[in-house]
Amino acid sequence: MSSAPVFYDASGRRRRRFAVAVTAFVLLIVVAIAALGVSIGAVPRAPLLPVEAEHAALTKLPPPHEPLLKRARHDLNDYARLLGARPRGVGVDQPLAIAFHAPWDESSAASLRRNIAELDWLIPGWVSVTGADHKVTVFRDVAGREIINRSPHRPLILPMIQNAVNGNWDPRGMEALLRAPAQRKALLDKLEPWLAANHAGGAFFDFEELTPRGQADFRTFLAEARARFIKHSWVIAIAVPIGEAMGRMAGICRHSPPWSIVSS
């Protein structure tokens, strides 16, 4: 039996070939990495995609024009004079920054958080009165109340009282309430301590789709509310329409006490 190692190569050619193969393999890896790096850096930046409507608008709305704005101001000022009120934000007084807040809408809370420091009035949709039994519903508003409580600047809080739930107006139920002195008193008996407990600066009444008779009873209700609110120095604000409907309501409210107006 031979005493020489099985893989012994006296000439050294096998070792040289192996070294060349390893070197070539290492160089191949280095070249591949370099090529990858160059390809990543050399990718051109794609241009921004064009933003276009899939279909052209069927009708182009004209931009706001001064005669239309003047007409809105004129209507609202006429209504205010008939009420004995001074409208806010239409050039009579210093304009107010007024915002509506919907507790059921997360985007509304986000907007309130960004802009609360710029507001003079905040009108949160916290209360509704609906149904034949005139049920008072107070909506939970954890996010909104937290934003108000933490804000260094707190606007005047005017909770909105509506005759609607889930987007459905209830003019029949509200007109029945407004027609009955006992029911009007019962509602104010509930609202007055609730507003005080919530540190409100008054209330914003938004009773919609009322008939002329219902609007007359609404005027009576507002007069009764003002008699209570005046001792707290609270504001009474209402939403009124622009146009013919506003003129009809203005005629009904000719002898009403003064309050603030926000057009709708």
Side-chain angles (χ1 to χ4, degrees), residues 76 79-80 82-83 85 87-88 98-105 108 121-141 144 156-198 200-229 234-253 256-257 259-264:
L76 192 54
Y79 184 35
L82 289 170
L83 286 173
R88 304 289 184 174
I98 303 174
F100 290 84
H101 166 58
W104 50 87
D105 187 351
S108 181
W121 288 8
L122 176 63
I123 303 175
W126 283 350
V127 180
S128 72
V129 183
T130 55
D133 57 349
H134 316 306
K135 178 182 178 182
V136 177
T137 302
V138 178
F139 299 102
R140 287 175 53 83
D141 187 16
L156 188 72
I157 307 298
L158 301 178
M160 180 162 56
I161 320 298
Q162 292 183 297
N163 60 324
V165 168
N166 298 324
N168 298 315
W169 296 102
D170 178 28
R172 180 176 299 180
M174 179 52 63
E175 289 194 2
L177 183 152
L178 295 174
R179 192 175 304 121
Q183 294 297 334
R184 296 196 302 267
K185 180 180 183 300
L187 177 58
L188 290 172
D189 284 344
K190 294 177 182 177
L191 284 180
E192 186 177 4
W194 183 85
L195 292 170
N198 284 272
F204 183 91
F205 294 103
D206 182 21
F207 298 161
E208 300 197 15
E209 299 187 2
L210 302 180
T211 64
R213 168 65 187 276
Q215 292 170 1
D217 293 331
F218 184 24
R219 174 186 62 81
T220 302
F221 171 81
L222 291 172
E224 294 170 350
R226 181 176 183 272
R228 294 183 181 227
F229 285 19
W234 286 349
V235 171
I236 294 180
I238 61 174
V240 297
I242 291 293
E244 295 180 2
M246 184 185 73
R248 291 194 297 269
M249 189 171 182
I252 292 170
C253 299
S256 302
W259 46 69
S260 297
I261 302 167
V262 175
S263 61
S264 63

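None of these values were measured; they are calculated from a predicted model.
Residue Met160 holds its CE atom at 10.0 Å from NE2 of His101, rounded to the nearest 0.5 Å. For the atom pair Arg184 CZ and His134 NE2, the distance stands at 11.5 Å (nearest 0.5 Å). Expressed to the nearest 0.5 Å, how far CZ of Phe204 lies from CD1 of Ile161 amounts to 10.5 Å. Distance CZ/Phe229 to CD/Glu192: 7.0 Å, rounded to 0.5 Å. Considering OG of Ser108 and CG of Asp141, their distance stands at 8.0 Å, rounded to 0.5 Å.
Annotation: side chain of Leu156 is not in contact with side chain of Leu122 (no heavy-atom distance under 4.5 Å). Residues Trp126 and Ile157 have side chains in contact (heavy-atom distance under 4.5 Å, counting atoms from C-beta outward). Residues Leu178 and Thr220 are not in side-chain contact: their nearest non-hydrogen atoms beyond the backbone lie 4.5 Å or more apart. Counting heavy atoms from C-beta on, the side chains of Gln215 and Asp217 never come closer than 4.5 Å. Side-chain contact between Leu158 and Val235: present, with at least one pair of heavy atoms (C-beta onward) separated by less than 4.5 Å. Counting heavy atoms from C-beta on, the side chains of Val127 and Phe139 never come closer than 4.5 Å. At least one side-chain heavy atom of Glu224 sits under 4.5 Å from a side-chain heavy atom of Leu188.
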Does the side chain to side chain donor-acceptor pair (under 3.5 Å) test come out yes or no for Asn163 and Trp169, once each step is laid out?
CA-CA 6 Å; Asn163 60 324; Trp169 296 102; over 6 Å; no
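Between Pro159 and Gly202 the shortest heavy-atom distance is CD-O, 3.4 Å. Listed here is the closest heavy atom pair of Ile236 and Ala225: CD1-C, 3.7 Å. Residues Leu177 and Gln183 approach most closely at O-CB, 3.6 Å, considering heavy atoms. Residues Ser128 and Val165 approach most closely at OG-CG2, 3.0 Å, considering heavy atoms.
Counting non-hydrogen atoms of other residues, nucleotides and ligands closer than 6.0 Å to CZ of Arg179 gives a total above 12. Atom CG of Asn166 has 12 or fewer heavy atoms from other residues, nucleotides or ligands within 6.0 Å.
Every residue two or more places apart in sequence or in another chain that forms a side chain to side chain donor-acceptor pair (under 3.5 Å) with Asp189 is listed here: Lys185, Arg228.
Each of Thr137, Leu187, Asp170 was checked for a side-chain contact (heavy atoms from CB on, under 4.5 Å) with Val129, and the lone residue meeting it is Leu187.
Classified by interplanar angle (parallel below 30°, tilted 30° to 60°, perpendicular above 60°), the ring pair Phe207/Phe221 is tilted.
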